[in-house]
Amino acid sequence: MPELPEVETTKRGIEPYLKGKRITNIVVRNASLRQPVTANIAECCKGQLILSVSRRGKYLLIATARGNLLIHLGMSGSLRIVPANSPPQKHDHVDLVVGKQAVRLRDPRRFGLFLWSEERLAEHPLLKNLGPEPLDAVFSAEHLWNVSRKRRVAIKNFIMNSHIVVGVGNIYANEALFMSGIRPTRQAGKISRDDFERLVINIRKVLKDAIRQGGTTLKDFRNEEGKPGYFAQELRVYGRAGEACSCCGERIKSKVIGQRSSFYCSKCQK
DNA sequence: ACAGTAACCTGTTTGC
DNA sequence: TGCAAACAGGTTACTG
């Protein structure tokens with residue numbers, strides 16, 4: 001599910017309910033996510049004042065003076081604001097209780113994470129090797145050029161690699177490559193500087209546009225109010241195999257690249 | 001160091 | 001209609 005725009009939408013949605021409040025409790029109903037929910041997590045952070053809510057890549061970070069909550073939504077996770085006493089549904093695994101309300105993690109596939117960490121975030125194993133934020137200035141054509149030399153992996157896999165740049169998942173990788181006229185199978189090391197310039201611009205554009213629309217809801221993404229995002233209607237190639245290209249009319253092709261379904265126009269993308 | 005694959009899970013869609 | 005297979009937005013551990 002959630003790529004950067006969906007995580008950013010979630011971050012903006014939950015922030016007003018959390019910032020400046022004290023953590024009342026954390027209720028864990030099912031600790032078996034991709035990693036087990038940190039043992040005794042409630043005792044670790046009960047009573048702590050929430051200083052900030054932020055995002056790094058697809059990770060949500062909730063900071064207190066003693067440590068940080070680190071949440072990842074995996075493939076099927078979502079966070080909602082609910083009354084703390086409302087009955088949980090089948091896949092509602094964890095509640096972060098703040099007063100009479102709770103931020104509730106629902107994650108049917110349990111690929112998500114809900115962790116407590118007292119080490120410096122810059123040192124955290126899940127965060128320390130991440131590449132730049134695509135919406136930061138340090139993410140540039142020069143960066144992509146520098147780290148792609150002699151790399152033979154397909155450009156689509158390359159930009160989905162969080163060590164290269166964070167937050168670009170399958171949907172937006174397909175879209176950004178279409179917008180840039182780059183065939184997703186091309187070797188990263190053979191992309192020209194001009195192509196990288198366009199790719200950087202379009203990765204930023206597609207992510208910003210999707211954030212503006214509240215993210216992309218294919219099936220189960222919901223914001224903190226349980227409402228879907230509206231960017232799906234603006235997707236140009238993702239999920240459109242066999243349809244006419246919006247630019248030239250050619251039929252959109254699909255192909256599995258690196259185990260992920262990929263979509264492109266063979267006329268517009270070389 | 002790099003590239004490719006399997007694995008972690010469950011729900012929904014597709015095809016016979 | 002029923003059942004099994006295929007597929008899904010992410011990440012990482014392992015292999016060669």
Side-chain angles (χ1 to χ4, degrees), chain A residues 1-10 29-37 55-60 70-79 89-94 105-115 124-131 134 146-177 184-190 203 206-207 210-211 213-223 228-235 237-242 254-263:
Chain A
M1 168 207 109
E3 304 184 31
L4 185 149
E6 293 73 40
V7 179
E8 179 66 22
T9 297
T10 301
R29 297 181 201 84
N30 185 349
S32 59
L33 303 182
R34 197 175 90 224
Q35 289 177 27
V37 175
R55 176 188 62 72
R56 175 76 174 100
K58 298 171 190 165
Y59 292 90
L60 286 163
L70 201 150
I71 301 169
H72 195 289
L73 301 176
M75 293 274 258
S76 60
S78 59
L79 295 176
Q89 297 186 26
K90 189 173 179 188
H91 301 293
D92 293 345
H93 306 310
V94 183
L105 173 69
R106 173 173 301 177
D107 186 5
R109 290 175 74 183
R110 289 192 276 122
F111 284 170
L113 296 172
F114 203 111
L115 301 171
H124 195 284
L126 291 169
L127 303 177
K128 67 179 179 187
N129 294 320
L130 293 179
N146 288 338
V147 295
S148 64
R149 294 309 84 195
K150 297 187 178 169
R151 297 289 295 266
R152 296 176 351 169
V153 69
I155 184 63
K156 175 163 176 277
N157 296 344
F158 189 71
I159 60 173
M160 288 175 67
N161 180 342
S162 63
H163 299 116
I164 305 300
V165 57
V166 298
V168 182
N170 200 29
I171 296 177
Y172 302 112
N174 278 297
E175 294 297 311
L177 288 166
T185 46
R186 272 176 60 194
Q187 290 183 8
K190 294 190 173 170
I203 287 173
V206 75
L207 295 176
I211 290 169
Q213 297 284 327
T216 297
T217 296
L218 294 184
K219 279 172 48 183
D220 41 23
F221 174 69
R222 291 292 185 276
N223 71 10
Y230 296 102
F231 194 70
Q233 61 202 30
E234 298 188 24
L235 298 175
V237 288
Y238 184 88
R240 298 196 182 280
S254 73
K255 179 185 173 79
V256 175
I257 304 170
Q259 298 170 292
R260 309 304 294 276
S261 51
S262 307
F263 304 87

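We name chains A, B, ... by the order of the sequence lines, and we start the count at 1 in each one. Predicted model, so just to flag it, every value in this text is computed and none were measured.
- Looking at heavy-atom distances under 4.0 Å, A:Phe158 makes no contact with the nucleic acid at all.
- Nucleotides of DNA chain B nearest to A:Leu33 and A:Ala154 differ in position, and the one nearer the 5' end is that of A:Ala154.
- Across all non-hydrogen atoms, the minimal contact from A:Val206 to A:Glu175 is CG2-CB, 3.9 Å.
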Item checked: Per-nucleotide pairing state of DNA chain C [Watson-Crick or G-U, under 3.5 Å; [ ] pseudoknot-crossing; | other strand] -> .|||||||.|||||||
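- The distance between atom CG of A:Asn223 and atom P of C:dG9, rounded to the nearest whole Å, is 21 Å.
- Distance from the side chain of A:Lys90 is smallest for B:dG11 among the nucleotides C:dG9, B:dG4, B:dG11.
- Put simply, CG on A:Asp107 and NE2 on A:His72 are 10.5 Å apart, with the number rounded to the nearest 0.5 Å.
- The phosphate of C:dG9 (OP1 or OP2) has a side-chain N or O of A:Arg260 nearer than 4.0 angstrom.
- Spacing between atom CG of A:Asn161 and atom P of C:dT11 amounts to 10 Å, rounded to whole angstrom units.
- Residue A:Ile71 holds its CD1 atom at 10.5 Å from CG of A:Leu33, rounded to the nearest 0.5 Å.
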Note to self: Using side-chain contact (heavy atoms from CB on, under 4.5 Å), reason through A:Leu127 and A:Leu70 one step at a time and then give a plain yes or no.
What the structure shows: CA-CA 10 Å; A:Leu127 303 177; A:Leu70 201 150; 4.1 Å; yes
Next item on the list: Might you work through the side-chain contact (heavy atoms from CB on, under 4.5 Å) test for A:Lys58 and A:Val166, ending with a clear yes or no?
Entry: CA-CA 7 Å; A:Lys58 298 171 190 165; A:Val166 298; over 6 Å; no
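- Protein atom CD of A:Glu6 is 16 Å distant from nucleotide atom P of C:dA8, rounded to whole Å.
- Taking only side-chain atoms of A:Arg109, from C-beta outward, the nucleotide of B:dG4, C:dG10, B:dC9 with the closest atom is B:dC9.
- A straight line from CE of A:Met75 to P of C:dT11 spans 10 Å, rounded to a whole angstrom.
- Side-chain atoms of A:Arg149 come within 3.5 Å of backbone atoms of A:Gly189 as a donor-acceptor pair (strictly under, hydrogens ignored).
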Could you list the protein-to-nucleotides 12-16 of chain B atom pairs, N/O on both sides, closer than 3.5 Å?
none

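- Between C:dA6 and B:dA6, the two P atoms lie 14 Å apart (nearest whole Å).
- Separating the CG atom of A:Leu127 from the P atom of C:dT12 is a distance of 10 Å, rounded to the nearest angstrom.
- Checking C:dT12, C:dA8, B:dG11 against the side-chain heavy atoms of A:Tyr59 singles out C:dT12 as nearest.
- Within 4.0 Å (heavy atoms only), A:Arg110 reaches sugar-phosphate atoms of the nucleic acid but no base atom.
- Phosphate proximity of B:dG11 to A:His91: present, with a side-chain N or O under 4.0 Å from OP1 or OP2.
- Dashed line: the shortest gap from a side-chain N or O of A:His72 to OP1 or OP2 of C:dG10 is not under 4.0 Å.
- Of the candidates C:dG10, C:dG9, B:dA3, the closest approach to any side-chain atom of A:Met160 belongs to C:dG10.
- Closest approach of A:Arg222 to A:Lys219, counting heavy atoms only: NH1-O, 3.6 Å.
- Where A:Lys150 and A:Gln259 meet DNA chain B, the nucleotide closest to each residue was compared, and A:Lys150 sits on the side nearer the 5' end.
- In terms of modelled atom types and a separation under 3.5 Å, the side chain of A:Asn170 and the main chain of A:Ser261 share a donor-acceptor contact.
- The heavy-atom pair separating A:Val168 from A:Glu3 by the smallest distance is C-OE1, 4.0 Å.
- The phosphate of C:dC7 has neither OP1 nor OP2 within less than 4.0 Å of any side-chain N or O from A:Ser261.
- Taking every side-chain heavy atom of A:Phe111 into account, B:dC9 is the closest of B:dC9, C:dG9, B:dG4.
- Contact annotation: the side chain of A:Ile159 never approaches that of A:Tyr172 to less than 4.5 Å [non-hydrogen atoms, C-beta and beyond].
- Separating the P atom of C:dT11 from that of B:dT12 is a span of 23 Å, rounded to the nearest Å.
- The CG atom of A:Asp107 sits 13 Å away from the P atom of C:dT11 (whole-angstrom rounding).
- Protein atom CD of A:Gln35 is 15 Å distant from nucleotide atom C1' of B:dA7, rounded to whole Å.
- Here C:dG9 presents its P atom at 16 Å from CZ of A:Arg34, a figure rounded to the nearest Å.
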Checklist line | Derivation of the side-chain contact (heavy atoms from CB on, under 4.5 Å) call for A:Ile171 and A:Glu6 | finding: CA-CA 12 Å; A:Ile171 296 177; A:Glu6 293 73 40; 5.8 Å; no
